[in-house]
Q: 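Below is a structure I'd like to ask you about.
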Protein chains: 2
Amino acid sequence: MKNSSAELSRDYDTWPPAQNKRQAILNAAADVFAQEGFGGASIDAIAARAGVSRQTIYNQLGDKDNLFKVVVAEITDRSSAGFFRVLDTFPVAPQDIETELTQFSAQLLRKAICDPNGRWLRKVVETEGARFPELFETWKEYGPGKKYPAIAARLAQLAHSGYLQIDDPALAARQYMALLATDLRYDQQIGRQTPESEIDQMAANATRTFLRAFAPRR
Amino acid sequence: MKNSSAELSRDYDTWPPAQNKRQAILNAAADVFAQEGFGGASIDAIAARAGVSRQTIYNQLGDKDNLFKVVVAEITDRSSAGFFRVLDTFPVAPQDIETELTQFSAQLLRKAICDPNGRWLRKVVETEGARFPELFETWKEYGPGKKYPAIAARLAQLAHSGYLQIDDPALAARQYMALLATDLRYDQQIGRQTPESEIDQMAANATRTFLRAFAPRR
DNA sequence: GACGGATTGGACAATTGTGTCCAAAATATT
DNA sequence: AATATTTTGGACACAATTGTCCAATCCGTC
């Protein structure tokens with residue numbers, strides 16, 4: 001039996017067998033699309049990586065355009081779910097705000113921003129957004145459209161409780177995310193795989209600067 | 001006489017007319033590569049956009065790989081030059097640090113970060129970096145490798161003069177750039193063309209937060 | 001106006017990719 | 001064990017692309 005390239009989620013064993021191949025295809029397609037872009041990705045390459053015959057891809061997912069759409073939809077779901085799972089741990093009533101916000105930030109980095117799904121999405125949307133406008137709309141809605149307001153709402157709550165001093169929560173949310181992601185993005189851009197061990201430091205750096213800017217002045 | 005990809009940017013006017021077409025080709029190629037990626041870009045599309053016959057591209061620039069390399073080298077030069085031109089206006093001994101740093105930030109946004117050249121580079125390096133490792137190295141050296149340390153040095157200078165309180169200038173530089181670019185990046189990602197009129201506001205937002213975090217405490 | 005290098009457009013072979021068809025084989029269902 | 005469904009791999013037509021060749025043409029210079 002062939003194995004899939006799935007470094008990701010769930011109990012495949014309980015699904016109908018067709019779904020296994022389907023998942024293998026989607027994972028392989030995500031990899032190849034990410035590496036080669038839409039134009040550069042060939043169905044053959046995807047089939048080979050998925051350990052599946054090319055025909056099976058056409059049977060299950062139709063043509064290349066549709067395959068691409070399904071992959072994006074799938075990854076959008078996964079990525080969004082991961083983000084909101086972490087968001088549930090936001091420290092709305094912290095004892096020690098620096099410590100707890102740092103911990104939360106580290107989780108966000110690990111589970112959401114670092115996450116291969118989310119990175120793939122951002123890249124693909126940037127590269128291929130013009131080619132698939134509806135897709136782009138969907139991503140916009142589920143990505144920035146929901147994540148930033150959600151963070152902003154949590155920050156506003158902290159401000160309302162007197163933990164922070166924030167005029168514009170939406171702006172603060174964007175700045176918080178920017179501070180958090182900067183080192184990760186830098187590493188990504190210079191092609192460096194960020195070691196797990198540095199993530200806590202990144203979270204601490206971002207949180208410290210953020211709190212210095214938004215902590216209440218005595 | 002064939003010319004190699006060695007020489008790029010100099011006073012074009014004194015050159016034979018062939019260099020005009022060469023520039024047209026490079027600009028068109030940059031556009032098409034940016035839109036379609038390396039794999040998706042066809043020489044024909046580039047030729048059509050440049051208003052030039054396909055053969056001329058092969059005459060002047062050889063095959064697709066070399067064309068791509070020359071384009072990246074060209075854009076790297078332009079982008080780097082633009083950045084350092086703005087950097088020369090950094091307020092090393094400001095009277096009113098908030099005002100002057102805001103102005104500088106606005107210039108940086110307009111001339112360097114907003115700049116189509118730089119955006120194209122980042123995108124292409126992210127997408128095609130794996131395919132052309134030497135290119136990637138060059139970009140790394142001239143991009144992040146020089147820009148961030150340069151900003152860090154200016155910030156350290158401000159700190160040394162007592163305008164700021166900075167433990168880690170390199171970190172502060174990354175955070176400054178992150179704060180500066182966040183809204184622009186957000187707009188880019190949701191496919192919104194940032195209006196010129198909002199850039200000053202972005203610069204002000206970033207600068208205010210940065211100074212709140214790094215201004216000396218009384 | 002004649003020369004020479006650059007440019008053009010069209011034809012070309014080779015390669016690669018898409019999407020379909022189909023019969024044989026593997027796998028699941030009953 | 002018999003049957004239904006999926007999967008496979010190979011063949012195929014069709015289109016797009018790369019890179020080359022070449023004769024006709026343009027255009028600036030002498």
Side-chain angles (χ1 to χ4, degrees), chain A residues 1-6 11-29 31-71 127-128 131-132, chain B residues 1-5 7 11-29 31-71 127-128 131-132:
Chain A
M1 179 177 293
K2 294 288 174 53
N3 56 9
S4 71
S5 67
D11 35 345
Y12 295 122
D13 301 340
T14 71
W15 288 1
Q19 298 302 321
N20 275 339
K21 304 235 163 188
R22 191 188 165 96
Q23 284 303 308
I25 293 169
L26 293 181
N27 288 327
D31 291 346
V32 177
F33 279 135
Q35 265 184 31
E36 312 288 334
F38 180 82
S42 82
I43 302 281
D44 292 278
I46 294 170
R49 180 180 273 248
V52 143
S53 101
R54 190 176 67 241
Q55 187 57 40
T56 302
I57 295 183
Y58 285 103
N59 287 345
Q60 296 231 1
L61 292 147
D63 63 11
K64 197 177 171 183
D65 274 31
N66 191 62
L67 169 61
F68 185 74
K69 288 178 194 164
V70 173
V71 170
T127 313
E128 244 58 67
R131 201 191 310 270
F132 297 91
Chain B
M1 178 191 303
K2 289 284 172 58
N3 47 18
S4 71
S5 62
E7 351 88 78
D11 33 342
Y12 296 120
D13 298 341
T14 72
W15 286 7
Q19 297 304 325
N20 278 340
K21 303 234 164 191
R22 190 187 165 97
Q23 283 304 308
I25 292 169
L26 293 181
N27 288 329
D31 290 346
V32 179
F33 279 135
Q35 265 185 31
E36 312 287 335
F38 179 83
S42 82
I43 302 281
D44 292 278
I46 294 169
R49 180 178 273 248
V52 143
S53 99
R54 191 175 66 242
Q55 188 57 41
T56 303
I57 295 184
Y58 285 103
N59 287 344
Q60 296 230 3
L61 291 147
D63 63 10
K64 197 177 170 183
D65 274 30
N66 191 63
L67 169 61
F68 185 73
K69 288 178 194 165
V70 173
V71 170
T127 314
E128 245 58 69
R131 200 191 312 269
F132 297 90

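Here the structure is a predicted model, which is why all the values come from computation and not from measurement. So you know, we letter chains A, B, ... as the sequences are listed, proteins then strands, and number each from 1.
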Q: Could you state the CG-P distance from B:D44 to C:dT8, rounded to the nearest angstrom?
A: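 Value for this atom pair: 14 Å.
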Q: Tell me if the side-chain of B:R54 makes a donor-acceptor pair with the base of D:dG19, cut-off 3.5 Å, by modelled atom types.
A: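 Yes, the side chain and the base share a sub-3.5 Å donor-acceptor pair.
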Q: Please state how far atom CD1 in B:I57 lies from atom C1' in D:dT18, giving the value in whole angstrom units.
A: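 Those two atoms, CD1 and C1', are 12 Å apart.
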Q: When all nucleic acid strands are considered with a 4.0 Å heavy-atom cut-off, which category describes B:A41: base, sugar-phosphate, or nothing?
A: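 Sugar-phosphate, backbone atoms only, no base.
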Q: Round to the nearest Å and state the distance from A:I25 atom CD1 to D:dT8 atom C1'.
A: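 Going from A:I25 (CD1) to D:dT8 (C1'), I get 12 Å.
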Q: Considering only C:dG19, D:dT20, C:dG17, which nucleotide approaches the side chain of A:S42 most closely?
A: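 Given the options C:dG19, D:dT20, C:dG17, the side chain of A:S42 is closest to C:dG17.
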Q: Heavy atoms only, 4.0 Å cut-off, all strands: where does A:A45 land among base, sugar-phosphate and nothing?
A: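 Counting heavy atoms under 4.0 Å across all strands, no contact is made by A:A45.
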Q: Looking at B:K64 and B:F38, what are the two nearest heavy atoms and their distance?
A: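 The answer is NZ-O, 3.0 Å.
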Q: OP1 or OP2 of C:dT8 versus the side-chain N and O atoms of B:T56: is any pair under 4.0 Å?
A: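 For B:T56, the contact criterion (side-chain N or O under 4.0 Å from OP1 or OP2 of C:dT8) is met.
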Q: I need the minimum non-hydrogen distance between A:A47 and A:S53, along with the two atoms involved.
A: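 Nearest heavy atoms, A:A47 then A:S53: CB-C, 4.1 Å.
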Q: Rounding to an integer number of Å, can you tell me how far A:L61 CG sits from C:dT18 C1'?
A: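 For the pair A:L61 CG and C:dT18 C1', the rounded distance is 16 Å.
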Q: So, does A:K21 get its side chain near the phosphate of D:dT8, meaning an N or O under 4.0 Å from OP1 or OP2?
A: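 So the side chain of A:K21 is within the cut-off, an N or O lying under 4.0 Å from OP1 or OP2 of D:dT8.
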Q: Please tell me which of A:Q55 and A:G39 maps to the more 5' nucleotide of DNA chain C, matching each residue to the nucleotide holding its nearest heavy atom.
A: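 The answer here is A:G39.
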Q: Whole Å only: how far is the CZ atom of A:F33 from the P atom of C:dG17?
A: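 So the two atoms are 13 Å apart, to the nearest Å.
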Q: Between D:dT20 atom P and B:N59 atom CG, what is the distance in whole Å?
A: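 Atom-to-atom, B:N59 to D:dT20, this comes out as 10 Å.
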Q: Below the 4.0 Å mark, does C:dA6 have OP1 or OP2 next to a side-chain nitrogen or oxygen of B:Q60?
A: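 Answer is no, no contact under 4.0 Å.
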Q: Tell me the interatomic distance from A:D63, atom CG, to C:dG17, atom P, rounded to whole angstroms.
A: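 Those two atoms, CG and P, are 17 Å apart.
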Q: Could you go through A:L61 and A:V71, starting from their C-alpha distance and side-chain angles, then the distance that decides it, and tell me whether this counts as side-chain contact (heavy atoms from CB on, under 4.5 Å)?
A: CA-CA 10 Å; A:L61 292 147; A:V71 170; over 6 Å; no
Q: Quick one about A:D31 and A:Q35 (side-chain donor to acceptor, distance below 3.5 Å, no hydrogens or angles considered), yes or no?
A: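 Not at all, the side chains of A:Q35 and A:D31 share no donor-acceptor pair under 3.5 Å.
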Q: CG of A:N66 versus P of C:dT20: gap in Å, rounded?
A: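 One finds 12 Å between P of C:dT20 and CG of A:N66, rounded.
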